[in-house]
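Here's the structure we're looking at; comments come further down.
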There are 2 protein chains.
Amino acid sequence: MWNSEGVDAISVRPARIQDVAAAAGVSVSTVSNVLNRPERVNARTAERVRDAVAALDYVPHPGAAGLRTGHSSSIGLVLPDVANSFYSRIARGAADAAYEHGYSLVLCDSGDAPEREQGYFTMLVEQRAVGAVVVPLSADPTRLSRLRERGIPLVLADRAMPAQEGCSVSVDDIAGGRIAVQHLLDRGARDVLVVNGERTIRQCADRYQGARQAVRTRREARLGQVVAEEMTVAYGSEIAHSLDELPDGVFCTNDFLAAGLCRALGERGVKIPEDVQVVGYGDLDIASFVGTTLTTVRQPVEELGRAAVEMLLDEVEARAEHAHEARVFAPGLVLRDSTRASSDAPF
Amino acid sequence: MWNSEGVDAISVRPARIQDVAAAAGVSVSTVSNVLNRPERVNARTAERVRDAVAALDYVPHPGAAGLRTGHSSSIGLVLPDVANSFYSRIARGAADAAYEHGYSLVLCDSGDAPEREQGYFTMLVEQRAVGAVVVPLSADPTRLSRLRERGIPLVLADRAMPAQEGCSVSVDDIAGGRIAVQHLLDRGARDVLVVNGERTIRQCADRYQGARQAVRTRREARLGQVVAEEMTVAYGSEIAHSLDELPDGVFCTNDFLAAGLCRALGERGVKIPEDVQVVGYGDLDIASFVGTTLTTVRQPVEELGRAAVEMLLDEVEARAEHAHEARVFAPGLVLRDSTRASSDAPF
DNA sequence: GGCTGCGCATAAAACGTTTTCCGCACCGCT
DNA sequence: AGCGGTGCGGAAAACGTTTTATGCGCAGCC
């Protein structure tokens with residue numbers, strides 16, 4: 001009645017493989033063969049079939065196919081919070097890779113709730129997901145058992161795992177700490193302070209270890225450390241105010257800390273980078289938005305997501321000859337004003 | 001051989017409904033009934049069945065079920081880029097809602113590529129997705145036809161749509177512009193400048209319209225506008241430098257612009273908020289990280305994602321009595337230093 | 001005592017694929 | 001003529017569910 005013509009489509013039943021077979025004057029098996037193993041069928045017949053497919057706008061039903069073949073074509077991506085930019089960048093890389101390989105990505109945002117993470121694991125088991133990329137809430141390996149015991153392959157992201165247990169991808173935080181401090185030393189700093197987060201956090205401990213390694217290469221260099229309760233702008237600022245004697249180089253293990261520290265130093269009349277050089281970590285948005293833009297350590301996070309999916313698919317598709325691998329990515333340094341002597345206006 | 005005992009699980013075939021039936025000494029239909037319409041079956045039998053389910057750790061195969069019932073339980077989320085915080089917040093809200101209702105969310109990141117967006121539409125059609133939430137690349141409605149003609153219900157996000165075409169969710173940008181400027185006027189500003197983006201962008205046009213509405217309520221107030229080529233920190237800064245005479249209130253239609261503008265004004269020796277009050281838009285991370293934190297307009301973005309999914313599910317589950325709706329959300333004001341007279345240290 | 005109706009459980013037919021045979025026609029060879 | 005290939009195409013059996021149509025026993029009612 002008042003419907004325009006497009007709307008009648010909502011009642012049309014999608015074409016099945018049978019319909020295609022009928023239209024092309026062949027059997028269903030032939031249609032299936034044309035679609036999945038074209039080499040098995042005569043070129044002329046194949047052509048006829050493909051015409052029919054196009055004419056009917058046939059799209060195969062992967063659910064039905066999966067029923068027969070035993071596996072779906074979706075992979076799970078489990079992470080604590082997509083709204084967090086670190087995780088959303090992982091998601092981006094994973095989505096790209098999944099798309100390129102023709103898999104669909106199921107977004108499982110555990111919202112920092114362990115029971116919800118478990119719920120998603122169950123859901124993935126139900127769906128017979130072909131595998132999962134997991135950025136786990138905690139390092140506790142038993143939480144992964146639900147997937148393990150169902151034989152769903154998984155790749156851990158941002159968390160290393162003994163290689164025989166499965167694949168994992170992560171960034172080399174020790175190297176990150178090393179290049180950050182190395183850079184400060186290269187630019188003449190001799191008295192380096194590390195503004196760190198809680199050392200129980202693996203990343204923080206690693207970055208500090210890297211810093212120590214860098215300092216060891218120079219006789220005359222000294223390293224200090226101060227630990228912030230939380231890695232926020234506010235604490236970075238507070239630490240800058242509480243400093244008695246100034247170092248000539250500061251390595252903040254997080255860009256928030258660095259941003260707060262830079263601002264507070266500025267308020268104290270300290271010039272950056274002339275008096276103190278500062279390196280941050282993470283290349284978060286804030287690093288380039290802040291007054292004096294931050295030299296910082298950039299992590300190839302999208303690569304992490306992409307690699308995780310690709311390793312997962314290798315495991316899925318190769319099965320037998322797949323060897324587990326713990327891939328670690330190298331971070332890189334992004335040079336900006338906070339360690340650059342001549343600061344040409346970046347805009 | 002060298003495998004620990006957990007590993008044999010990878011070969012165990014998941015229990016089917018048949019196995020449960022056998023274990024409970026009933027027929028498959030009874031098991032199915034226990035699971036889907038418990039009221040149809042005797043309480044004692046149901047109990048036996050449930051025990052068997054638990055004992056075998058049976059999980060139903062939604063693919064197979066979907067084959068029979070004709071629809072899957074997954075919904076698509078199509079957006080231009082999850083790494084962009086606006087979209088990732090939508091994703092977060094959508095994921096929460098989907099989880100609560102027992103649906104799984106398929107992440108479709110079109111990466112700003114129209115053909116990839118189409119590819120995802122095709123994929124969703126294949127999977128017989130029950131519906132989709134779409135943040136479209138452009139307003140061109142024909143791109144959605146692929147889903148439409150297959151009768152897949154969809155909800156548009158961040159983009160209004162004639163209500164009879166389907167549901168949509170969006171934020172009221174006119175109201176956003178209005179409250180921003182209203183706030184400036186309330187705090188005594190009389191000469192208000194709007195730093196806007198390209199007016200071909202609907203959001204920009206709307207926010208400016210809201211600004212005009214607010215100014216109209218005060219006889220003595222005046223409104224000016226300057227348009228930035230891009231809505232970035234750099235352009236905000238540039239505009240601040242190019243200003244001849246200063247207004248006493250500035251409304252930037254984006255926090256990046258506001259951040260750049262504030263910094264540049266500071267460099268010119270202008271005090272914020274004493275000399276000029278500034279309001280941003282979006283409540284992006286940058287708004288609270290920047291030197292003088294930004295008063296800004298906050299959009300309930302997670303709510304957008306959540307509502308979109310819920311409206312979609314209403315359409316899916318109610319079918320007949322569902323009425324399309326174009327829901328628009330009200331933005332709110334977040335008060336921070338850039339319009340606050342007495343600036344107590346926020347830390 | 002034969003009906004009807006009710007409460008419960010089951011058998012069997014779908015759903016749309018893939019894949020394993022198997023058959024058929026044709027070819028070239030002894 | 002008989003034989004083994006080979007190249008193509010088809011029939012039919014799975015895959016794991018849901019759902020429709022029955023079946024069966026038993027109570028209540030004329």
Side-chain angles (χ1 to χ4, degrees), chain A residues 12-53 56-74 102 123 125-130 150-151, chain B residues 12-50 52-53 56-74 102 123 125-130 150:
Chain A
V12 85
R13 250 214 344 177
R16 303 159 321 192
I17 199 175
Q18 276 205 39
D19 305 329
V20 178
V26 297
S27 77
V28 280
S29 5
T30 303
V31 178
S32 174
N33 279 332
V34 169
L35 265 31
N36 302 314
R37 309 123 91 177
E39 73 282 1
R40 263 180 171 44
V41 36
N42 183 292
R44 283 174 33 76
T45 337
E47 175 103 14
R48 275 213 328 280
V49 170
R50 266 187 278 266
D51 287 351
V53 166
L56 297 176
D57 192 16
Y58 165 72
V59 314
H61 189 314
L67 188 52
R68 182 65 237 260
T69 61
H71 51 256
S72 72
S73 71
S74 66
M123 170 182 267
V125 169
E126 282 179 355
Q127 303 193 339
R128 271 64 171 174
V130 76
R150 290 307 193 130
Chain B
V12 85
R13 250 209 347 172
R16 306 165 323 221
I17 198 175
Q18 275 205 42
D19 306 329
V20 178
V26 297
S27 78
V28 281
S29 1
T30 302
V31 178
S32 174
N33 280 332
V34 169
L35 265 32
N36 302 314
R37 309 122 91 176
E39 73 282 2
R40 263 180 171 43
V41 35
N42 182 291
R44 283 172 35 76
T45 336
E47 176 102 12
R48 276 214 325 282
V49 170
R50 266 188 277 266
V53 166
L56 297 176
D57 194 14
Y58 165 72
V59 314
H61 189 314
L67 188 53
R68 183 63 234 260
T69 61
H71 52 257
S72 72
S73 71
S74 66
M123 172 182 266
V125 169
E126 283 179 354
Q127 304 193 341
R128 271 65 171 172
V130 76
R150 290 309 194 127

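So you know, we letter chains A, B, ... as the sequences are listed, proteins then strands, and number each from 1.
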With a 4.5 Å limit on heavy-atom distance, are the side chains of S74(A) and R128(A) in contact? no

L67(A) CG to dT18(C) P, in whole Å, measures 11 Å

Can you measure E126(A) atom CD to dG16(D) atom P for me and round it to whole angstrom units? 15 Å

Hey, mind stepping through H61(A) and E126(B) against side-chain contact (heavy atoms from CB on, under 4.5 Å) and telling me if it holds? CA-CA 6 Å; H61(A) 189 314; E126(B) 283 179 354; over 6 Å; no

Closest approach to the side chain of V26(B), judged atom by atom: which nucleotide of dT10(C), dC8(C), dG16(D) is it? dT10(C)

All N/O donor-acceptor pairs, side-chain side in residues 34-44 of chain B, below 3.5 Å, sequence neighbours left out:
| from | atom 1 | to | atom 2 | distance (Å) |
| --- | --- | --- | --- | --- |
| N36(B) | ND2 | S32(B) | O | 3.2 |
| N36(B) | ND2 | S32(B) | OG | 3.3 |
| N42(B) | OD1 | R44(B) | N | 2.7 |

What closest approach, in Å, do A24(A) and V49(A) show between heavy atoms, and which atom pair accounts for it? CB-CA, 4.0 Å

Using C1' atoms of five pairs at each end, report the bend of the helix from dG1(C)-dC30(D) to dT30(C)-dA1(D) rounded to 10 degrees. 70°

Does any non-hydrogen side-chain atom of I17(A) lie less than 4.5 Å from one of Y58(A)? yes

Nearest heavy-atom neighbours spanning G25(B) and R48(B): O-NH2, 4.0 Å

Please report the distance, rounded to the nearest Å, between CD in E39(A) and C1' in dG9(D). 15 Å

Can you tell me how far C1' of dG16(D) sits from CG of L56(B), to the nearest Å? 15 Å

5' to 3', nucleotides 17-26 of chain D under a 4.0 Å protein heavy-atom cut-off (B base, S sugar-phosphate only, - none) gives BBB-------

Do V31(B) and R50(B) come within less than 4.5 Å of each other through their side chains, counting heavy atoms only? no

Taking all heavy atoms of A23(A) and all of L56(A), pick out the closest pair and write down the distance. CB-CD1, 4.1 Å

